[in-house]
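Reviewing the structure listed below.
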Amino acid sequence: MAITERDSTEPDDGDGREPQAAAPTTAGTGTRPGPDADPAHEAPSGTDPERPPTEPGKQQTGPDAAAEDEDAPEDHERWRRFAAGATPAPAAAPPGRLRRAGRLAARAARSEWTLAALFSALLAVAMTWPLAKNLTTAIPHDLGDPLLQAYTLAWLGESLRGDPQGIWTTNSFWPNPDSFLFTDTLFGYAPAALLAVDGPSNLAVYNVLFIATFALAFLGGYALLRQLGARVAGSAVGAAAFAYAPWKLAHLGHLNVLSSGAIALSLAMLARGHGWSLRGGFRPERQRPGWILAGWLVALWQFSIGVALGLTFVYLMLAIAVVVGLTWLVKRPALTWRTVAADGAGGTVFSLGVLWIADRHASVAQAYPETVRSWDYVQFFSPSWQSFIIAPEESRLWGAAHEAARAELTWPPEQTLLVGFTVLALAVAGLIWSSWSRWQRAWIALGIAVFTALAMGPNFLDDGRWAWGLLYEYAPGFDAVRTTGRMVLYISLLLAVLAAGTLTRLADDADAVAHESRVDKRFEEKAPRRVHALLFAPLVFVLWEGLMVPELHAPDPAPLDVSSLDGPVMFLPSDGRDTRVQFWTVDGFPEMVNGSAAFTPAGTSELRDLSKSFPSEDAIAGLREAGVETVVVVPGWLPGSDWAGLDTEAEPFGVEVERTDDAIVYDLNP
């Protein structure tokens, strides 16, 4: 990733160019400070250590400060010409509006963040290839949960276009209300969902969002690491380790779990808005209320995608708020009124949004006791100690090698939690040798230990009673969580921070050596670009570990015109293939008994059990009494299912039967 390196504690608002003046020197020694030095303490109060020093008696203030910083290389060249005795060139006329707009556009095009965003998008397309050339015809991983979430997007768009008030009760799981909340709603993707108007466009929207989740995860991780003070190479490697961790390959069918980039991005925005970084600490002059508001809104957007990741994220935000609040009470940092107002407004909007969505889910939990998971049920899906070094079968590099290890797991899709051996090695090195301070590394290590204990759930020490058990018993919402292993997301993020610290220390030391070997130390000298390019080498290994086995599947075409059916409809067999049926109903959304979600309501289970004897008189009478109008049997699905004994040749009395090559339609009330 060709981004000009900056030796700074955090990214600035400029175009990412290096300062041209000499680095600050340690008082009394005349030497350049080491990589562990805190730039905030090296610069005079109220100045920015990343900028070149101004002339004596002058202070960069106001809106012209950024322009002076931009022109610093030209000023430096003029001083060189003056020292050589050259005649100064006449001052150029002020640029016109078009020229100034062109300069701004050129500056934005070559800025670090434009390049980072472009690299993130191109990398995501490459890592998920060949999905990008099959957007309207195929779906990644399998025909289970991906079709369910594609259907969820289609229902979201259909409701917003036609009946927003009726969004909570979908056409699935008839006659149960609030069925939209039986699984993650993906509500944050509403603008994209509006474009899903039929099957092909629905697939295209899902696939674009699928690719975008990896791009946003990389960009969000990169932004967070840069804000914390990591150099470009360390940030890129850490972001890749977060976005393309091998454990995520087991969740290629879970768009809601892949959608984690806004977690890192919101934390980066909030840290930037408060003027805080790991290397620079709190810097009052860097407070930006706009970034604070943006951070809170992005955090709310993350929660609106779904509670699979949103639940733990909300509790994490609460914990961070408590820590920051206690720190403020002790140290009383100089916060501006705009910062306080931005936190108040943003925090209020975030809290109200979370409470509104949580209240909707709480009403579902009260109406459907099936949402509560028993302790033994959670334990079955929870990982073991070995899980953190076992890769899922979808891993192109490690999948086949770890096949024997996966065979010993009770539920491999949720228990293969390899974070990547490359990032593990860099993180271990970072515990010993890093640009972060010893105390910072200790706190990061403690965080990794806590999240490891939580991720193991009931399989941690003492059956997890003092870790996940506390959340399960006392924290609202955690008794409905099936998979504790998804807490590995935060382990990946913290390991990425440690890895970035290791590579940042290498970059700092390389620059320090280059500067000390310079005869004239008035101007800062950096290590050659080829040296910094070597620090990107781990990126290759991280991405190699994150390569997936490309599996694209074309959804089965509907066996009949679904929009012409009189609902409520029940498709048989009604089992795990209900996700395909839900995808078929994107054409018209007829009411139907079928449905697949995070849990199955008791009423739906009863109708399924009743239909296993169809077309017996009792089954027909029971379905009629429940209100079912039409039963559609797919003969090709019967073998091996619980409906394998269904008599497809029978002509039930009082029922109109229509047979086609791929389906049998029973009209129960002709």
Side-chain angles (χ1 to χ4, degrees), residues 8-14 39-40 45-48 50 60-63 65-66 69 108 111-113 116-117 187-188 190-191 216 219-229 260-305 309-310 312-358 493 497:
S8 63
T9 61
E10 58 182 295
D12 63 8
D13 297 323
S45 176
T47 65
D48 188 342
E50 296 178 5
Q60 288 181 318
T61 58
D69 188 51
S111 74
E112 173 180 355
W113 298 108
F187 196 79
L216 184 59
L219 185 61
Y222 182 83
L224 178 60
L225 293 171
R226 287 291 279 155
Q227 175 59 35
L228 294 180
S260 59
I263 292 177
L265 186 60
S266 63
L267 294 176
M269 289 177 168
L270 288 170
R272 184 173 179 81
H274 288 88
W276 182 86
S277 69
L278 279 178
R279 297 188 77 184
F282 173 65
R283 301 174 69 178
E285 72 277 7
R286 288 186 174 269
Q287 295 177 75
R288 299 290 186 272
W291 284 110
I292 295 174
L293 283 173
W296 283 113
L297 293 177
V298 171
L300 178 58
W301 179 78
Q302 171 69 52
F303 182 76
S304 70
I305 293 174
L309 297 182
T312 54
F313 180 54
V314 166
Y315 280 95
L316 175 65
M317 293 291 286
L318 178 61
I320 293 175
V322 170
V323 171
V324 171
L326 293 176
T327 302
W328 183 85
L329 289 175
V330 173
K331 296 186 176 182
R332 297 298 177 94
L335 299 178
T336 67
W337 71 266
R338 292 183 178 87
T339 295
V340 176
D343 274 320
T348 299
V349 172
F350 175 78
S351 301
L352 291 176
V354 167
L355 290 174
W356 178 67
I357 297 174
L493 189 58
V497 174

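Treat the numbers as computed from the prediction; the structure is a model and nothing was measured.
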Once you measure the plane-to-plane angle for Trp296 and Phe350, does it fall in the parallel (<30°), tilted (30-60°) or perpendicular (>60°) bin? tilted
Rounded to the nearest 0.5 angstrom, the CE-CG distance for Met317 and Leu300 is 10.0 Å
Could you tell me which non-hydrogen atom of Ala223 sits nearest to which non-hydrogen atom of Leu265, and how far apart they are? CB-CD1, 4.2 Å
Distance from Ile263 atom CD1 to Leu493 atom CG, nearest 0.5 Å? 8.5 Å
What's the separation between atom CD in Gln287 and atom CZ in Arg338, rounded to the nearest 0.5 Å? 10.5 Å
Which atom of Ala264 lies closest to which atom of Gly221, heavy atoms considered: CB-N, 3.8 Å
On a heavy-atom basis, the closest approach of Val298 and Ser266 is CG1-CB, 3.8 Å
Quick check for you: to the nearest 0.5 Å, what is the distance between Ile292 atom CD1 and Leu297 atom CG? 12.0 Å
Any heavy-atom pair between the side chains of Val354 and Phe313 that's under 4.5 Å? no
Within a strict 4.5 Å, meaning less than it, do heavy atoms of the Ile320 and Leu267 side chains meet? yes
Are side-chain heavy atoms of Tyr222 and Gln227 found at a separation under 4.5 Å? no
Note: Ser277 and Leu228 closest approach over all heavy atoms is CB-O, 3.7 Å
Do Ile305 and Phe187 come within less than 4.5 Å of each other through their side chains, counting heavy atoms only? no
Audit row: Arg286, Arg272, side chain to side chain contact (heavy atoms under 4.5 Å, CB included) steps and yes/no: CA-CA 8 Å; Arg286 288 186 174 269; Arg272 184 173 179 81; 5.5 Å; no
Gln302 CD to Ser260 OG distance, which is reported to the nearest 0.5 Å: 7.0 Å
Check step by step if side chain to side chain contact (heavy atoms under 4.5 Å, CB included) holds for Trp291 and Leu270. CA-CA 6 Å; Trp291 284 110; Leu270 288 170; over 6 Å; no
Note, Arg288 side chain near His274 side chain (heavy atom, < 4.5 Å): no
Looking only at the side chains, is there a donor atom on one of Ser351 and Thr348 sitting less than 3.5 Å from an acceptor on the other? no
How far does CD of Glu285 sit from OG1 of Thr336, to the nearest 0.5 angstrom? 12.0 Å
Would you check, one step at a time, whether the test side chain to side chain contact (heavy atoms under 4.5 Å, CB included) holds for Leu335 with Phe282? CA-CA 10 Å; Leu335 299 178; Phe282 173 65; 3.8 Å; yes
Trace of the side chain to side chain contact (heavy atoms under 4.5 Å, CB included) decision for Leu293 with Asp343: CA-CA 7 Å; Leu293 283 173; Asp343 274 320; over 6 Å; no
